[in-house]
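Computation of the quantities below employed the complete heavy-atom set of this structure, encompassing side-chain atoms and omitting hydrogens, waters and symmetry-equivalent molecules. Quick caveat: nothing in here was measured; it's all calculated off a predicted structure.
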Amino acid sequence: MTTRVIIVDDQAMVRAGFAALLAAQSDIDVVGEAPDGAQGVELSRRTRPDVVLMDVRMPEMDGLEAARRLLSPPPGVTHRPRVLMLTTFDVDDYVYEALRAGASGFLLKDAPPADLIAAVRVVASGDALLAPSVTRRLIADFTRQRPAARGKPALRLKALTERETEVLTLVARGRSNTEIAETLLLAEQTVKTHVSRVLTKLDLRDRAQAVVFAYESGLVTPGD
């Protein structure tokens with residue numbers, strides 16, 4: 001199946017380079033480009049892509065606000081693409097906020113071409129593009145300065161079983177499904193099922209949001 005992609009970046013050469021690279025792949029179709037967040041939102045609503053490559057910093061409307069509009073659309077708009085943020089910095093406050101808004105991950109602009117292609121495929125498949133080491137560093141860096149948001153997030157944890165809570169804790173600590181399976185002495189497929197149930201019960205889109213939720217609810221704290 002072909003993955004439909006749009007590229008939103010204020011630098012024309014970046015858009016052209018990414019478009020040429022992705023369009024050369026037999027399973028990826030670049031269906032449009034936009035120079036800022038506002039036009040990116042409009043283009044996405046019109047072309048209904050599977051994945052949006054979204055620059056973080058742009059004039060008119062930045063990538064964070066554009067991601068929010070795409071991932072929390074107004075009534076009557078049903079299309080919600082997966083959003084992959086593009087950034088110059090590996091740890092960026094905008095990136096953290098984008099993950100909270102529902103973005104599926106982030107990619108450095110100077111990443112090798114093969115990484116960009118792989119990232120689009122990973123995000124299109126429904127996975128979050130956050131390596132365990134990046135997950136630990138990124139989330140911990142920002143939650144260290146943010147007290148856990150008790151109350152509603154913490155109450156939502158009560159919907160989980162004891163095993164699901166254990167799995168969520170390990171996901172938040174940056175463990176892969178294989179590592180979680182080894183720790184809890186479970187089959188990897190069983191871990192995948194638990195992760196899926198956690199996402200459904202907590203109304204989270206993917207692993208990235210699960211990590212953010214675990215920290216904000218106080219289930220996991222930096223330094224654990």
Colleague: For Ser217 versus Leu157, what's the shortest heavy-atom pair and its separation?
Modeller: OG-CD1, 3.6 Å
Colleague: Could you name each residue pair satisfying salt bridge (charged side-chain N to carboxylate O under 4.0 Å, His left out) that touches residues 70-79, not counting sequence neighbours?
Modeller: none
Colleague: Ignoring hydrogens, what is the shortest heavy-atom contact between Val41 and Leu70? Give both atom names and the distance.
Modeller: CA-CD2, 3.9 Å
Colleague: Starting at CD1 of Ile180, measure out to OG1 of Thr190 and round the result to the nearest 0.5 Å.
Modeller: 12.0 Å
Colleague: Going from CZ on Arg197 to CZ on Arg163, what distance comes out if it is rounded to the nearest 0.5 angstrom?
Modeller: 12.5 Å
Colleague: Indicate yes or no: at least one non-hydrogen side-chain atom of Glu179 is less than 4.5 angstrom from one of Leu170.
Modeller: no
Colleague: Partners of Glu33 by salt bridge (charged side-chain N to carboxylate O under 4.0 Å, His left out), sequence neighbours excluded?
Modeller: Arg15
Colleague: Go through the steps for Val167 and Leu184 under the test side chain to side chain contact (heavy atoms under 4.5 Å, CB included), then give the verdict.
Modeller: CA-CA 8 Å; Val167 169; Leu184 299 180; 3.9 Å; yes
Colleague: Output yes when a side-chain donor or acceptor of Thr165 lies under 3.5 Å from a complementary backbone atom of Thr161, and no otherwise.
Modeller: yes
Colleague: Set out, in order, the CA-CA distance, both residues' side-chain angles and the distance that settles side chain to side chain contact (heavy atoms under 4.5 Å, CB included) for Asp36 and Asp10, then state yes or no.
Modeller: CA-CA 6 Å; Asp36 62 60; Asp10 61 330; 5.8 Å; no
Colleague: What closest approach, in Å, do Thr2 and Ser26 show between heavy atoms, and which atom pair accounts for it?
Modeller: OG1-O, 4.3 Å
Colleague: Rounded to the nearest 0.5 Å, what separates atom OG1 in Thr200 from atom CD in Glu164?
Modeller: 9.5 Å
Colleague: Looking at every heavy atom in both Ser104 and Val123, which two are closest together, and how far apart are they?
Modeller: CB-CG1, 3.8 Å
Colleague: So which atom in Leu71 and which in Arg80 form the shortest heavy-atom distance, rounded to 0.1 Å?
Modeller: O-NH1, 2.8 Å
Colleague: So, do Glu166 and His194 sit near enough that their side-chain heavy atoms are less than 4.5 Å apart?
Modeller: no
Colleague: Contact between Val198 and Leu160 at the side-chain level, heavy atoms closer than 4.5 Å - yes or no?
Modeller: yes
Colleague: Taking all non-hydrogen atoms of both residues into account, name the closest pair between Val211 and Val171 and its distance.
Modeller: CG2-O, 3.7 Å
Colleague: If you round to the nearest 0.5 Å, how far is CD1 of Ile6 from OG of Ser44?
Modeller: 4.5 Å
Colleague: Mind jotting down which residue pairs meet the salt bridge (charged side-chain N to carboxylate O under 4.0 Å, His left out) criterion with at least one end in residues 184-193? Sequence neighbours excluded, please.
Modeller: none
Colleague: Nearest 0.5 Å, what's the CE-CD distance between Met58 and Gln39?
Modeller: 10.0 Å
Colleague: Is there a side-chain contact between Val56 and Leu86 (heavy atoms, below 4.5 Å)?
Modeller: no
Colleague: Under 4.5 Å between any side-chain heavy atoms of Arg121 and Gln25, yes or no?
Modeller: yes
Colleague: Tell me which donor-acceptor pairs under 3.5 Å the side chains of residues 46-55 have, and how far apart each pair is, sequence neighbours excluded?
Modeller:
from: Arg46; atom 1: NE; to: Glu42; atom 2: OE2; distance (Å): 3.0
from: Arg46; atom 1: NH2; to: Glu42; atom 2: OE1; distance (Å): 3.2
from: Thr47; atom 1: OG1; to: Leu43; atom 2: O; distance (Å): 2.8
from: Asp50; atom 1: OD2; to: Arg4; atom 2: N; distance (Å): 2.7
from: Asp55; atom 1: OD1; to: Lys109; atom 2: NZ; distance (Å): 3.3
from: Asp55; atom 1: OD2; to: Lys109; atom 2: NZ; distance (Å): 3.3

Colleague: Testing Leu202, Leu204, Leu199 for side chain to side chain contact (heavy atoms under 4.5 Å, CB included) with Leu168, which one passes?
Modeller: Leu202
Colleague: Do Phe18 and Leu116 make a side-chain contact, defined as non-hydrogen atoms from C-beta onward lying under 4.5 Å apart?
Modeller: yes
Colleague: Taking only residues two or more places apart in sequence, or in another chain, which ones meet Arg68 in a side-chain hydrogen bond (donor to acceptor under 3.5 Å, both in side chains)?
Modeller: none
Colleague: Quick one, Arg45 and His79 - any side-chain contact, counting heavy atoms below 4.5 Å?
Modeller: no
Colleague: Mind checking what makes side-chain hydrogen bond (donor to acceptor under 3.5 Å, both in side chains) contact with Asp62, not counting sequence neighbours?
Modeller: none
Colleague: Starting from the C-alpha separation in whole Å, work towards a yes-or-no answer on side chain to side chain contact (heavy atoms under 4.5 Å, CB included) for Val195 and Arg207.
Modeller: CA-CA 8 Å; Val195 171; Arg207 210 177 185 93; 4.2 Å; yes
